[in-house]
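Everything on this sheet refers to the single structure shown next.
All chains are named by letter (A, B, ...) in the order of the sequence lines, taking the proteins before the strands, and each is independently numbered beginning at 1.
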2 protein chains.
Amino acid sequence: METSGTMDVRTVCLGMLTDGAASGYDLKKHFESTFAHFFAAGYGSIYPALSSLCEQGMVNCECIPQDGKPDRKVYHITAEGRTFLLKALENPTPCHKVRSEFLATMCFAHLMPDAQIEKVLDSRLEDCAYYTKMISEVEASCMQDWPPGKRFVAGFGKAMIEAMKTYVEENRHLLTEESASKSATG
Amino acid sequence: METSGTMDVRTVCLGMLTDGAASGYDLKKHFESTFAHFFAAGYGSIYPALSSLCEQGMVNCECIPQDGKPDRKVYHITAEGRTFLLKALENPTPCHKVRSEFLATMCFAHLMPDAQIEKVLDSRLEDCAYYTKMISEVEASCMQDWPPGKRFVAGFGKAMIEAMKTYVEENRHLLTEESASKSATG
DNA sequence: ATTTTATATATCGAACTGATACTATGCATC
DNA sequence: GATGCATAGTATCAGTTCGATATATAAAAT
């Protein structure tokens, strides 16, 4: 039974709750904004995570009845939860993984028509723009409340996205026939 | 029944087989070297993927008996497989996801002792060095055989890792008390 | 009037991860 | 001469996560 060392969805939820009590819905919003560029999670992960944390006494659940709507379940971290979190943070080698269908696709660019390649690259740049904007917006709205770690993480995201954008812009010509014929004729 | 559009393990295996017939074991080596920095996959994904591709006629399996050892199963892509792959490559918006326990940990750096933070950052830099070396080595050994797409992807990996390294080195001081006290006293 | 957006919880199949199991040879180390 | 490790090879499985979907209500927009 491995109970420490992994920063899984459960542990990240626990961490988020150190900033104050919140519902699953609230946590989802963090996963969609601040955490979106490096740790996405959906309801299918968040709700079971909160249930499991509750069972194990890491959090307490406060059910707030609402008329018509289902109860709002607000979770509070417990002392046990804090201890567990600190233990999880002790892992000296947390991973950083990339799963890129984009790069997998580009590996087979020689099987694709140029127009298709261009579309894929354009969509990647759009994605970069989206994340850059999103990070800047969350920074603008809550930077002052953030501990240094979150600032570091936001800056990290912006730096990586900027690097991606630059690389794609500067090297996309390598992928198309256009450049192949140019280098052949020129 | 969604049969196209996703670059999952099955489709990537199929793509790898366009470079020539191979066994599951052979494919694993590609996942561990060339693809390691952006699309990891283990036997638990590869073998079921090949079985499923075989059932659907995307690949043919050639069983080569070996004395003592289990049969070596070499997979060849079929015409149907090629068609399927081209269809999968048509997705104009393939994703690029990051899953970082490292960044999740750094979000809670204010709950960690400085020495622990330093260890995490050092291990990240080691990881950067490992991947940079690995990509350079595979580039050195098989760059000449590669289509432009794979060169682009290798360069992409190196650029991103370099950006990560630079960012960590230049901003790690933001995470420790040391800098906090320095800015308070200085 | 109807669609969209927001609040809010929850489930489920499909996919994937990481570890492990099994067989066999060869090489080094103790 | 035995133990351990690397390489070659196939395969499974529990646990985790992903993406989509279902349920319910209400305000706001079209």
Side-chain angles (χ1 to χ4, degrees), chain A residues 1-3 5-13 21-33 35-36 38-54 61-75 91 93 95-101 104, chain B residues 1-3 5-13 21-33 35-36 38-54 56 61-75 88 91 93 95-101 104:
Chain A
M1 187 190 359
E2 180 71 45
T3 47
T6 22
M7 280 304 278
D8 53 8
V9 177
R10 286 174 73 242
T11 315
V12 174
C13 287
S23 68
Y25 188 80
D26 295 332
L27 296 187
K28 180 76 198 311
K29 280 187 281 186
H30 289 303
F31 279 111
E32 275 171 355
S33 57
F35 282 64
F38 67 94
F39 209 107
Y43 291 126
S45 310
I46 297 168
Y47 285 114
L50 289 172
S51 303
S52 141
L53 286 169
C54 215
C61 177
E62 181 194 356
C63 286
I64 303 174
Q66 297 179 119
D67 37 315
K69 299 177 201 173
D71 290 359
R72 184 174 150 85
K73 294 188 184 175
V74 175
Y75 295 88
N91 176 9
T93 58
C95 67
H96 178 92
K97 285 177 210 157
V98 176
R99 171 71 164 222
S100 180
E101 297 187 12
Chain B
M1 184 187 10
E2 179 71 44
T3 48
T6 24
M7 281 304 278
D8 53 8
V9 177
R10 285 173 74 240
T11 315
V12 174
C13 286
S23 69
Y25 189 80
D26 295 331
L27 295 187
K28 180 76 198 312
K29 281 187 281 186
H30 289 304
F31 279 110
E32 275 171 355
S33 57
F35 282 63
F38 67 94
F39 209 107
Y43 291 127
S45 313
I46 297 168
Y47 284 116
L50 288 171
S51 302
S52 143
L53 287 169
C54 214
Q56 294 181 254
C61 177
E62 182 193 356
C63 287
I64 304 174
Q66 297 179 117
D67 38 317
K69 300 177 205 176
D71 291 359
R72 186 175 148 84
K73 293 187 184 174
V74 175
Y75 295 88
N91 177 7
T93 58
C95 67
H96 177 92
K97 285 177 210 156
V98 176
R99 171 70 164 222
S100 179
E101 297 188 11

Nearest-Å distance, CD (B:E32) to P (D:dA6)?
-> 13 Å
Heavy-atom closest contact (A:A40 atom, A:F31 atom, distance) | C-CD2, 4.4 Å
B:A21: partners by side chain to side chain contact (heavy atoms under 4.5 Å, CB included), with sequence neighbours left out = B:V74, B:H76
Atom pair distance, as rounded to whole Å: CZ in B:R72 and P in D:dA8 = 10 Å
Can you tell which of D:dT7, C:dA8, D:dA11 lies closest to the side chain of A:Y25?
-> C:dA8
Whole angstrom is fine here: how far is it from OH in B:Y47 over to P in D:dT10?
-> 4 Å
Where the side chain of A:P48 is concerned, which of C:dT11, D:dT10, C:dA8 is the nearest nucleotide?
-> C:dT11
Angle of first-five versus last-five pair axes in the helix from C:dA1-D:dT30 to C:dC30-D:dG1, to 10 degrees = 30°
How many angstroms lie between OH in B:Y75 and CG in B:L50, if you round to the nearest 0.5 Å?
-> 5.0 Å
B:S23 side chain N/O closer than 4.0 Å to the phosphate oxygens (OP1, OP2) of D:dA8?
-> no
Separation of C:dT9 P from A:E62 CD (nearest whole Å) = 12 Å
Here the gap from B:K97 atom NZ to A:K97 atom NZ, rounded to the nearest 0.5 Å, amounts to 13.5 Å
Expressed in angstrom and rounded to an integer, what is the separation of A:F31 atom CZ from D:dT17 atom P?
-> 10 Å
Interatomic distance, A:I64 CD1 vs C:dT9 C1' [rounded to whole Å] = 14 Å
Separation between SG of B:C61 and NZ of B:K73, rounded to the nearest 0.5 Å = 5.5 Å
Which residues pass the side chain to side chain donor-acceptor pair (under 3.5 Å) test with A:H30, sequence neighbours left out?
-> none
Please check the phosphate of C:dT7 (OP1 and OP2 only) for any side-chain N or O of A:K28 closer than 4.0 Å.
-> no
Footprint string (nucleotides 13-19 of chain C, 5' to 3'): B base within contact, S backbone only, - free, heavy atoms under 4.0 Å | ---SBB-
Interatomic distance, B:I46 CD1 vs D:dT12 P [rounded to whole Å] | 14 Å
Who passes salt bridge (Lys or Arg N to Asp or Glu O under 4.0 Å) against A:E32, sequence neighbours left out?
-> A:K28
Kindly say whether the aromatic ring centers of B:F35 and B:F39 come within a distance under 6.0 Å.
-> no
Sorted by chain and number, sequence neighbours left out, side chain to side chain donor-acceptor pair (under 3.5 Å) with A:R10 holds for A:S52, A:Q56
